[in-house]
**Student:** 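Sending over a structure as structure tokens; questions will come in a sec.
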Protein chains: 2
Amino acid sequence: MLVYLKHLLMQQDNNTNINHFFNAAFSVDLVLFTFHEGEIKIALEKKEEVRFEGQPGLPGMLIYPNEDTGSALESLSAMVVGHSDYYRNQLRAFTAVARHPQGRVITIGYYGLIPFEKVQLVNDKITWNNIESLPNLCYDHNGIIPVALEKFKNEVIHQPVIFELLPEHFILREIIEAYELLFKKNFDAANFRRQLRSSGLIAPVGKIRDTEHQIGRKPEEYRFDKALYQAQKQKEKIGFTFTANS
Amino acid sequence: MLVYLKHLLMQQDNNTNINHFFNAAFSVDLVLFTFHEGEIKIALEKKEEVRFEGQPGLPGMLIYPNEDTGSALESLSAMVVGHSDYYRNQLRAFTAVARHPQGRVITIGYYGLIPFEKVQLVNDKITWNNIESLPNLCYDHNGIIPVALEKFKNEVIHQPVIFELLPEHFILREIIEAYELLFKKNFDAANFRRQLRSSGLIAPVGKIRDTEHQIGRKPEEYRFDKALYQAQKQKEKIGFTFTANS
DNA sequence: GCAAAAGTGTTACTCGTACACCCATGT
DNA sequence: ACATGGGTGTACGAGTAACACTTTTGC
């Protein structure tokens, strides 16, 4: 019952002086994944503020009270990868009272996926780090990444988002590799390939990838077929499932 | 490239006068579901501010810059249902620039589930409304509810959250009914019941529900068995699946 | 007895899994 | 020739979908 009274008190306060509430700031922070050199990586930004002494953190920025979150994200993206043309979604807000040393700053976490071929190296403060060995990050950023990873893993088994971080023309091995890294499991490549082909999501480009020094049969290139996906979407039953090898 | 420059400018601004950022407010808004009288309902609050003329909206409140989001939610919950002992989760932040008439207020949406038997009617501003016929709500609240519904529907097929809005002792028909309302489909009751019993999630209470005027065989009561669930959890493969009748 | 709702039995079928095997290619 | 990776065939088994059938109860 005490809690209830507290609320009543606050409501009164609210009516008499709403200005008390307008002393918070907010920001966006971005967990941007890519797939490069056989690793899943995220973008980190070296923080130049004196108190951080170059400690890395997620790319992020404060938002002006009259600024749109979307356009803030676009500015941020331009700084990180040179443009804002990639897949991204809001994760959630992180609101711990003491998460920022300069006042109450709640941050809205975003997660994104980008093919490494679309990454422009426009900023030398940005580094790409394997998600398996991340350093200590500033603020509460070490806590945001697991949330992003969970979201990613959840989406990737229900929606065809894996294509958002593969090159436009990919081979099936790359898909399998990405899934194996994400779930830390080995999959039956034969079944996985078959399921991918019959998923109705990809179409062969009609080109064999000719990598040098590759032993064994050369793989065919595929592309994500959005038209096919849209058509399938109606019928539910999208995608595919899989289980790990022993 | 223009976007990139804009960012640089803002960074400078940032360094010189960070106070510009601390003029925003934020709030929590709650989409609380229950199951009552054969309907899925959410709590709405009649807004007494003059400009709303009693228009309903989601229960919500502004948060003080030094106030924890969790404790704000507890106060809010006490106002809505008399306590804060129910299942809830953050949805995401809603940040549109003009969503609040008195300034920049971003709101953090929460969704919750509560059995109607746990709802205390402590506040006559709160009404419970069938989700199928909601009125026009204040602010952007009509846009928050679909997000909550999606989240709920997504969780309910992957996790045993349906029990969070059923009475402690329920009958299988109630589960089926809740699913049918949520997904607007009819399920094969025979198969559904069998799957529920073999899901390892529920245990019979050992009591037959004796409702008056009920035609037909009387159903057995069950309860959610958390111990069984925790045990099952290790082995993955939680819950059950189902498809709709034609 | 009849209707309605709970609950059981049975069968056909789908789909994932495992694994043997074949194909293409570089050294 | 052989190792390596791409790709095909196939058989088993688990689990779902459909539906007929039985049981319990109120009127």
Side-chain angles (χ1 to χ4, degrees), chain A residues 38 156-158 166 169-181 183 185-223 232 235-246, chain B residues 38 157-158 166 169-180 183 185-223 232 235-246:
Chain A
V156 91
I157 63 178
H158 293 299
L166 294 180
H169 291 175
F170 51 82
I171 60 174
L172 303 189
R173 160 63 46 196
E174 290 173 330
I175 302 188
I176 302 175
E177 204 177 341
Y179 273 88
E180 291 188 334
L181 288 170
F183 293 95
K185 285 178 181 174
N186 294 318
F187 299 106
D188 184 308
N191 287 330
F192 210 124
R193 285 200 177 89
R194 181 171 19 221
Q195 286 180 80
L196 284 170
R197 284 201 202 85
S198 65
S199 68
L201 298 175
I202 59 176
V205 187
K207 203 182 136 204
I208 303 294
R209 177 168 300 184
D210 196 359
T211 322
E212 282 187 8
H213 304 301
Q214 192 206 314
I215 308 172
R217 181 168 172 174
K218 294 182 175 176
E220 199 173 352
E221 290 190 350
Y222 287 83
R223 62 182 174 80
Q232 294 266 328
K235 314 181 203 163
E236 303 276 327
K237 284 270 183 187
I238 277 297
F240 46 88
T241 57
F242 45 78
T243 36
N245 282 342
S246 52
Chain B
I157 63 178
H158 294 298
L166 295 179
H169 291 176
F170 51 81
I171 60 174
L172 303 189
R173 160 64 43 198
E174 290 173 330
I175 301 188
I176 301 173
E177 203 175 343
Y179 274 88
E180 291 187 334
F183 293 94
K185 287 178 179 172
N186 293 319
F187 299 106
D188 184 308
N191 287 331
F192 210 124
R193 285 198 177 90
R194 180 169 22 222
Q195 286 180 83
L196 284 170
R197 284 201 202 83
S198 65
S199 68
L201 298 175
I202 59 177
V205 188
K207 202 182 135 200
I208 303 295
R209 178 169 300 185
D210 195 359
T211 324
E212 281 189 8
H213 303 303
Q214 190 206 316
I215 307 172
R217 181 167 171 174
K218 293 182 174 175
E220 201 174 351
E221 291 189 350
Y222 287 83
R223 62 183 174 79
Q232 295 265 328
K235 315 182 204 162
E236 305 275 326
K237 285 270 183 188
I238 278 298
F240 47 88
T241 57
F242 45 78
T243 36
N245 282 343
S246 52

**Student:** Have a look at A/P219 and tell me which of A/Q214, A/R173, A/E174 forms a side chain to side chain contact (heavy atoms under 4.5 Å, CB included) with it.
**Tutor:** A/Q214

**Student:** When you measure only distances, ignoring hydrogens and angles, does the side chain of A/R194 come within 3.5 Å of the base of D/dG9 through a donor and an acceptor?
**Tutor:** yes

**Student:** Taking protein heavy atoms under 4.0 Å as touching, what does nucleotides 22-27 of chain D look like 5' to 3' if B marks base contact, S marks sugar-phosphate-only contact and - marks none?
**Tutor:** -BBBSS

**Student:** Taking atom C1' of C/dA6 as reference, at what distance in whole Å does atom CG of B/L196 sit?
**Tutor:** 13 Å

**Student:** For the atom pair CD1 (A/I176) and CG (A/L181), what is the distance rounded to the nearest 0.5 Å?
**Tutor:**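 Rounded to the nearest 0.5 Å, the CD1-CG separation comes out at 12.0 Å.
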
**Student:** Using atom CG of A/N191 as one end and atom P of D/dT8 as the other, report the distance to the nearest whole Å.
**Tutor:**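 Going from CG in A/N191 over to P in D/dT8 covers 12 Å.
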
**Student:** I need the minimum non-hydrogen distance between B/E221 and B/H169, along with the two atoms involved.
**Tutor:** OE1-CB, 3.5 Å

**Student:** Would one find a side-chain N or O of B/R173 under 4.0 angstrom from OP1 or OP2 of C/dA5?
**Tutor:** no

**Student:** Looking at every non-hydrogen atom in both residues, tell me the closest pair between A/K218 and A/T211 and how far apart they are.
**Tutor:**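 Residues A/K218 and A/T211, closest heavy atoms: CE-O, 4.4 Å.
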
**Student:** For B/I176 and C/dA4, what is the distance between atoms CD1 and C1' respectively, to the nearest whole Å?
**Tutor:** 15 Å

**Student:** Students often mix this up, so state it plainly: with edges at 30° and 60°, are the rings of A/Y179 and A/F183 parallel, tilted or perpendicular?
**Tutor:** parallel

**Student:** Quick one: side chain to side chain contact (heavy atoms under 4.5 Å, CB included) partners of A/R197, sequence neighbours excluded?
**Tutor:** A/L172, A/R193, A/Y222

**Student:** Report yes if a donor N or O on one partner sits less than 3.5 Å from an acceptor N or O on the other, where the partners are the side chain of A/R209 and the base of D/dG6; otherwise report no.
**Tutor:** no

**Student:** As a test of reading the structure: which of C/dC19, D/dG6, C/dA6 is closest to the side chain of A/A190, going by heavy atoms?
**Tutor:** C/dC19

**Student:** Could you state the atom-to-atom distance from CZ of A/F192 to C1' of D/dG5 in whole Å?
**Tutor:** 17 Å

**Student:** Kindly give the heavy-atom pair with the smallest separation between B/E177 and B/G38, and that separation in Å.
**Tutor:** OE2-CA, 3.5 Å

**Student:** Let me know the distance between CZ of A/F187 and P of D/dG7, rounded to the nearest Å.
**Tutor:** 19 Å

**Student:** To the nearest Å, how far apart are B/R197 CZ and C/dG9 P?
**Tutor:** 11 Å

**Student:** Measure CD/A/E174 against C1'/D/dG5 and give the value in whole Å, please.
**Tutor:**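 Rounded to the whole Å, the gap is 14 Å.
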
**Student:** The side chain of A/Q195 lies closest to which of these nucleotides: C/dG16, D/dA18, D/dG5?
**Tutor:**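 Selected nucleotide (nearest to the side chain): C/dG16.
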
**Student:** Using atom CG of A/D188 as one end and atom C1' of C/dC15 as the other, report the distance to the nearest whole Å.
**Tutor:**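 My rounded result for the distance is 15 Å.
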
